[in-house]
Amino acid sequence: NDREIVLTAVTHDGCAFEYANEELNNDREIVLAAVTDNGWALQFASQELRNDREIVLTAVTHDGCAFEYANEELNNDREIVLAAVTDNGWALQFASQELRNDREIVL
C-alpha cells in the first residue's frame, strides 16, 4: 500500500501494478509510470484513467494491443489508433469502424 514503493516497483516493471492496492489504480503518476514500462498495465488502471488520453497513448505506443483496455470513447481517436496499429497491427480490431476503414491507418 506504500505509494512510493509501488511507484518504484512499476517504474522497473509495469506488470507489478497488477499487485498494487486497488486504491492506487486511480493514481495518475503510478499508472503513467506503469504503462510507460509496460502498456499492458493499462488493464489494471481505473476506468477514469483508461479514458485519459495521455495514459492511453503512452500505453499503446509501448504495446499496441493495450488498446483493448482503453475506454471505448478513445477508439475513434486517430492519433491513438495510429500509434496502436503502428506498434501492433492486431490493435486495429479495437478501433472504431470508421478508422478501420481509413486507408492511412490500415496501411
Side-chain angles (χ1 to χ4, degrees):
N1 194 18
D2 183 7
R3 186 181 182 284
E4 292 307 312
I5 291 172
V6 172
L7 183 58
T8 300
V10 301
T11 299
H12 295 292
D13 180 2
C15 289
F17 187 51
E18 175 180 3
Y19 305 103
N21 186 305
E22 278 190 39
E23 295 172 11
L24 298 175
N25 73 358
N26 198 38
D27 185 308
R28 191 172 194 288
E29 183 182 10
I30 289 176
V31 172
L32 190 55
V35 300
T36 296
D37 179 72
N38 187 323
W40 276 96
L42 183 63
Q43 67 186 302
F44 306 111
S46 68
Q47 287 299 319
E48 179 184 337
L49 292 181
R50 289 184 195 193
N51 197 37
D52 181 301
R53 192 172 186 287
E54 180 186 4
I55 287 176
V56 172
L57 186 57
T58 300
V60 301
T61 298
H62 289 77
D63 185 336
C65 284
F67 191 41
E68 173 181 2
Y69 302 106
N71 190 302
E72 282 187 35
E73 293 177 26
L74 296 175
N75 72 358
N76 199 38
D77 184 305
R78 181 179 192 75
E79 184 181 5
I80 289 174
V81 171
L82 196 53
V85 299
T86 297
D87 180 73
N88 188 323
W90 288 104
L92 186 61
Q93 66 185 312
F94 306 113
S96 68
Q97 189 63 48
E98 178 184 337
L99 291 180
R100 281 189 238 159
N101 293 327
D102 186 305
R103 182 170 158 70
E104 181 185 350
I105 288 178
V106 174
L107 296 177

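Side chains are part of it too, since the values below use all heavy atoms of this structure and drop only hydrogens, waters and symmetry mates.
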Side-chain donor-acceptor distances from residues 80-91 under 3.5 Å, at least two apart:
unit_1: Thr86; atom_1: OG1; unit_2: Leu82; atom_2: O; d: 2.6
unit_1: Asp87; atom_1: OD2; unit_2: Gly64; atom_2: N; d: 2.6
unit_1: Asn88; atom_1: OD1; unit_2: Trp90; atom_2: N; d: 2.9

Q: Write down the atom of Ala66, the atom of Leu42, and the distance for their closest heavy-atom approach.
A: O-CD2, 3.5 Å

Q. Which residues satisfy the side-chain hydrogen bond (donor to acceptor under 3.5 Å, both in side chains) test with Ser46, sequence neighbours excluded?
A. Asn26

Q: For Asp13, enumerate each residue passing the side-chain hydrogen bond (donor to acceptor under 3.5 Å, both in side chains) test, keeping only those at least two apart in sequence or located in another chain.
A: none

Q | Gln97, CD atom: more than 12 neighbouring heavy atoms under 6.0 Å | A | yes

Q. Would Asn75 and Phe67 count as a side-chain contact (heavy atoms from CB on, under 4.5 Å) if you check the C-alpha gap in whole Å, the side-chain angles of each, and the deciding distance to 0.1 Å?
A. CA-CA 8 Å; Asn75 72 358; Phe67 191 41; 4.0 Å; yes

Q) Can you list the residues that meet the salt bridge (Lys or Arg N to Asp or Glu O under 4.0 Å) rule with Asp27, with sequence neighbours excluded? A) Arg3

Q: Under the side chain to side chain contact (heavy atoms under 4.5 Å, CB included) rule, collect the residues that match up with Asn51, sequence neighbours excluded.
A: Asn71, Glu73, Leu74

Q) What residue pairs, at least two apart or across chains, pass salt bridge (charged side-chain N to carboxylate O under 4.0 Å, His left out) with a residue in residues 91-103? A) Arg78-Asp102

